[in-house]
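Nothing here was measured: the structure is a model prediction, and the numbers come from that model. Each chain gets a letter, A, B and so on, in the order the sequences are listed, and its residues count up from 1.
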Number of protein chains: 2
Amino acid sequence: MTETSATAQGATAGKPRTRIQRRNRELILEAALQVFSQYGFRGATLDQIAAEAGLSKPNLLYYFPSKEAMHEALLQTLLETWLDPLRALDPQGAPLEEILAYVRRKLELARDYPRESRLFANEILQGAPRILPYLESDLRELVAQTCVIIRGWTAEGRLAPVDPVHLIFSIWALTQHYADFEVQVTAVLGEGDPFEAAGAHLDVMFRRMLTP
Amino acid sequence: MTETSATAQGATAGKPRTRIQRRNRELILEAALQVFSQYGFRGATLDQIAAEAGLSKPNLLYYFPSKEAMHEALLQTLLETWLDPLRALDPQGAPLEEILAYVRRKLELARDYPRESRLFANEILQGAPRILPYLESDLRELVAQTCVIIRGWTAEGRLAPVDPVHLIFSIWALTQHYADFEVQVTAVLGEGDPFEAAGAHLDVMFRRMLTP
DNA sequence: GTCTATATCACGATAGAC
DNA sequence: GTCTATCGTGATATAGAC
């Protein structure tokens, strides 16, 4: 088994090599995201995903060993990118503008990747069986660090007094709502993009909340 | 078929008569709420619900004609009580206090009936297949009426200028978050009741947002 | 009214032809 | 690599004994 002659075993050992393999893998993950984000892991079926991807059901299982593996692949890439904006908070920056920028980035994520947001929501609603350890370790630690930054800003009088953890929860809730409850938002507002008005609204609200 | 001799046909035609029937119906709905709110309609199974209720699977289907019927019964009672707090907004009252009272009631609902909140969230995430007409008619109308009240308060200078629809969305998002994302909230905060701190936080935040 | 037993079907996953 | 055919399981719902 040399490096040069080794081909992917079932396309799952190692990264896919050929263009077609990469393309089909992406097709499957795209279809899986569509279905998992709507129905959750248990409510989703391979038939749906196969139809959505335009591939046969056994072909799906050639690229991924199981339904569970598809779901895990999606969750992993999600978690890698999900909290980056929070990490980008700069303690040296202007407090209010830093937080407003974070709100804007989160709202852009909700607008541009609503299915990823709903995938996460489904996972949490079902009790986070697959990512609870991550929530209790990495996420918790990241939130704790961010709280230190926020408390520092408040102590310096550059930010209105606020419960830092619940401020973070508030930002998550307000931005993800537009992705997770998109159907309800649209039903109430009628047609048209709600994100522009939402952005303006959140900008004003957080300014009032946090201006010292 | 007289009134006096008519007994429930399959216990589904008309309201249940005996104490046992009422109790079993409640047992089933309680168990169904537990399971549907976690896994959504498609992810839930009758086996789970039966086990949760301590009844046999066929016995479930004696009280309800189908899985769908259980789900519909839950959604119906949910919708009847879900928006009552919004209806309680009094145009004659003190604007800020009226809105803060609504926030508090919604947060109490999230604390006392988190499964109902998650049942609703699941339904919306799946595209609201069963309640979309309701959202587009009753809910939309109720929101429109509430917006008139809020705009009136703002015009009188008794409330800071605000986008009324997105203010309502914000209230929903911030309060339901503590029920729908309870697992995440607990994972980040550690043990202990998050609702007390959440209530204080939201009270302060909305005061700053809405004080003229 | 409640159970055991079962009909019927859809699901995830596998076998094997090509 | 991709397909058709199929296995075994678990799903909803029904039949019929008690």
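In this structure, A:Arg42 satisfies the cation-pi test against B:Tyr39, with its NZ or CZ atom closer than 6.0 Å to the six-membered ring centre and inside 45 degrees of the ring normal.
Distance, A:Ile49 CD1 to C:dA10 P: 18 Å, rounded to whole Å. For the pair B:Leu46 CG and D:dT9 P, the computed distance is 21 Å after rounding to whole Å. The CG-C1' distance, from A:Asn59 to D:dG1, rounds to 7 Å in whole Å. The distance between atom CG of A:Asp47 and atom P of D:dT4, rounded to the nearest whole Å, is 13 Å. Spacing between atom CG of B:Leu27 and atom P of C:dT2 amounts to 10 Å, rounded to whole angstrom units. Put simply, OH on A:Tyr62 is 7 Å from P on D:dT2, counting in whole angstrom units. Between A:Arg23 atom CZ and D:dT2 atom C1' there is a gap of 16 Å when expressed in whole angstrom units. As rounded to whole Å, 16 Å separates atom C1' of D:dT4 from atom CG of A:Leu55.
Counting non-hydrogen atoms under 4.0 angstrom, B:Ala44 reaches the backbone sugars and phosphates but no base.
Comparing A:Pro58 and B:Pro58 along DNA chain D, the residue whose closest nucleotide (by nearest heavy atom) sits nearer the 5' end is A:Pro58. Taking the nucleotide of DNA chain D with the nearest heavy atom to each of A:Lys57 and A:Arg42, the more 5' of the two is matched to A:Lys57.
At a cut-off of 3.5 Å, with distance as the only test, a side-chain donor of A:Gln34 or A:Arg115 sits close to an acceptor on the other residue. Residues A:Glu52 and A:Gln48 bring no donor and acceptor atom of their side chains to less than 3.5 Å of each other.
Aromatic rings from B:His166 and A:Tyr178 are positioned such that their centres are separated by under 6.0 Å.
For B:Gln21, whose side chain is taken as the heavy atoms from C-beta onward, the closest listed nucleotide among C:dC3, C:dG1, D:dG1 is C:dG1. Between C:dT2, D:dT4, C:dA13, one nucleotide has an atom nearer to the side chain of A:Lys67 than all others, and that is C:dA13. The side chain of A:Asn24 sits closest to D:dT2 out of C:dG1, C:dC3, D:dT2. Residue B:Leu61 places its side chain closer to D:dT14 than to any other of C:dT2, D:dT14, D:dT2. Of the candidates C:dC11, D:dT12, D:dG1, C:dC11 carries the atom nearest the A:Thr45 side chain, counting heavy atoms from C-beta on.
Checking the phosphate oxygens (OP1, OP2) of C:dG1, no side-chain nitrogen or oxygen of B:Tyr63 falls inside 4.0 Å. Contact annotation: A:Ser56 reaches the phosphate of D:dC3 (side-chain N/O to OP1 or OP2, under 4.0 Å).
Between A:Ala73 and A:Phe64, the shortest heavy-atom contact is CB-CE2, 4.1 Å.
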